[in-house]
Amino acid sequence: QLPDVDQLVALHRTTFTPQEHLLILFGTPVLRPVYRWFVESPETFTVVATIAGTVVALCTACDRPYNGPMVRRNRLALALGALRHPGTLFHPEIRRRLKRALTGPKKGAVAFEADPPAQFGFFAVHRDYHGTSVAEALLRQGVEECRRRRWKRVRAGVYQQNLPARFMYSKLGFKENKALRTAEMVFVELDLG
């Protein structure tokens with residue numbers, strides 16, 4: 001049974017701030033098709049934890065780094081979102097990403113990966129379930145789905161200050177890829193072989 005996209009969007013909006021997730025700046029009309037893509041596309045999946053019929057946690061994944069395919073599949077919704085909220089184009093992080101997309105990576109940046117890993121995209125747990133086993137159980141379910149799909153390895157981005165999430169990934173065998181570390185994020189990977 002496919003997860004309810006509107007419940008996924010609602011959880012996303014209550015879990016993340018615009019600083020943590022830029023898509024919130026574009027509004028629900030952009031989040032809805034993005035989640036629909038994560039739920040319905042053969043290259044992606046979404047696992048959820050529900051309690052009494054309500055989604056309390058979600059984890060999305062793509063068979064490769066998800067930003068490019070997500071933007072391409074939802075470019076019309078993103079363009080309309082930018083028209084509805086033109087100030088988003090002046091957000092410093094969005095300007096930085098647009099510049100990078102137009103000019104290519106900076107000198108010394110990590111080289112293009114010939115065989116990139118699958119990637120967990122959004123991972124959200126309702127604040128009432130922080131500190132419970134819900135997140136770890138959901139991550140285990142996500143890893144098992146990656147294995148079922150015969151993906152070779154999976155990567156996730158984690159905010160450096162999110163120590164509970166970093167510990168959880170480490171506990172499940174994920175290792176930090178130091179070459180991908182940024183000022184804000186660490187990237188962890190798991191070999192699924």
Query raised in the report: For the residue pair E20 and T15, what are the closest heavy atoms and their distance?
Result: OE1-O, 3.7 Å
Query raised in the report: Of the non-hydrogen atoms in F16 and I24, which two are nearest, and what is the gap between them?
Result: O-CD1, 3.1 Å
Query raised in the report: If you round to the nearest 0.5 Å, how far is OG1 of T17 from CG of L25?
Result: 9.5 Å
Report summary line: Note: G81 and V30 closest approach over all heavy atoms is CA-CG2, 3.9 Å
Report task. Apply salt bridge (charged side-chain N to carboxylate O under 4.0 Å, His left out) to K152 and D191, showing your working. Result -> CA-CA 6 Å; K152 297 175 189 168; D191 184 347; over 6 Å; no
**Report entry** Salt bridge K175-E189, side-chain N to carboxylate O under 4.0 Å
**Finding:** no
Report task. State, yes or no, whether a side-chain contact exists between F45 and C146 at a heavy-atom distance under 4.5 Å. Result -> yes
Requested in this report: Run the numbers on Q19 and E93 for side chain to side chain contact (heavy atoms under 4.5 Å, CB included), then give the verdict.
Outcome: CA-CA 9 Å; Q19 293 78 22; E93 181 61 17; over 6 Å; no
Requested in this report: Test R13 against L8 for side chain to side chain contact (heavy atoms under 4.5 Å, CB included), laying out the working first.
Outcome: CA-CA 9 Å; R13 291 183 62 82; L8 302 179; over 6 Å; no
Query raised in the report: Quick one: CG on L83 to CZ on F26, what's the gap to the nearest 0.5 Å?
Result: 10.5 Å
Query raised in the report: Would you call E144 and R148 a salt bridge, taking side-chain N to carboxylate O under 4.0 Å as the test?
Result: no
Requested in this report: Would you kindly confirm whether M185 and L190 end up in one hydrophobic cluster when ILVMFWY residues are joined by side chain heavy atoms under 4.5 Å apart?
Outcome: no
Query raised in the report: So which heavy atom on R166 is nearest to which on Q160, and how close?
Result: NH1-O, 2.9 Å
Query raised in the report: Can you tell me how far the OH atom of Y159 sits from the OG1 atom of T182, to the nearest 0.5 Å?
Result: 9.0 Å
Query raised in the report: Distance from R73 atom CZ to E40 atom CD, nearest 0.5 Å?
Result: 13.0 Å
Query - Short side-chain to backbone donor-acceptor contact, Q7 and V55, under 3.5 Å - result: yes
Query - Closest non-hydrogen atom pair, Q119 against P65 - result: OE1-CA, 3.1 Å
Requested in this report: Quick one: sort the F122 and H21 rings into parallel, tilted or perpendicular, breaks at 30° and 60°.
Outcome: perpendicular
Query raised in the report: When clusters are formed by joining ILVMFWY residues with side-chain heavy atoms under 4.5 Å apart, either directly or through shared neighbours, do V5 and F38 land in the same one?
Result: yes
Requested in this report: Check the hydrophobic clustering (I, L, V, M, F, W, Y; side-chain heavy atoms under 4.5 Å; chains of links allowed) and say if F120 and L192 are grouped together.
Outcome: yes
Query raised in the report: So, do E43 and P69 sit near enough that their side-chain heavy atoms are less than 4.5 Å apart?
Result: yes
Query raised in the report: Can any side-chain N or O of N162 pair as donor or acceptor with the backbone N or O of V158 at less than 3.5 Å?
Result: no
Query raised in the report: Same hydrophobic cluster for V34 and L11, using side-chain heavy-atom links shorter than 4.5 Å among ILVMFWY?
Result: yes
Query raised in the report: Would a line drawn from the ring center of W37 to the ring center of Y66 be shorter than 6.0 Å?
Result: no
Query raised in the report: Do R149 and E145 sit within salt-bridge range, that is, some charged N less than 4.0 Å from a carboxylate O?
Result: yes
Report task. Give a yes or no answer on whether the side chain of H85 reaches the backbone of G27 with a donor-acceptor pair at less than 3.5 Å. Result -> no
Query raised in the report: How many angstroms lie between CG in L138 and CG in L58, if you round to the nearest 0.5 Å?
Result: 7.5 Å
Query raised in the report: Would L172 and L139 satisfy side chain to side chain contact (heavy atoms under 4.5 Å, CB included), going step by step from the backbone distance to the final call?
Result: CA-CA 9 Å; L172 295 180; L139 182 57; 3.3 Å; yes
Report summary line: For R155 and F187 the tightest heavy-atom approach is CD-CD2, 4.1 Å
Query - Criterion side chain to side chain contact (heavy atoms under 4.5 Å, CB included) on L22 and I94, from CA distance to verdict - result: CA-CA 8 Å; L22 294 172; I94 290 176; 3.9 Å; yes
Query raised in the report: How are the rings of H126 and Y129 set to each other: parallel, tilted or perpendicular (split at 30° and 60°)?
Result: perpendicular
Query raised in the report: Would you find more than 12 non-hydrogen atoms of other residues, nucleotides or ligands less than 6.0 Å from R95 atom CZ?
Result: no
Query raised in the report: When rounded to the nearest 0.5 angstrom, what is the spacing between OG1 in T60 and NE2 in H12?
Result: 9.0 Å
Report task. Say whether F167 and V125 are linked into one hydrophobic cluster, either directly or through other cluster members, by side-chain heavy-atom distances under 4.5 angstrom. Result -> no
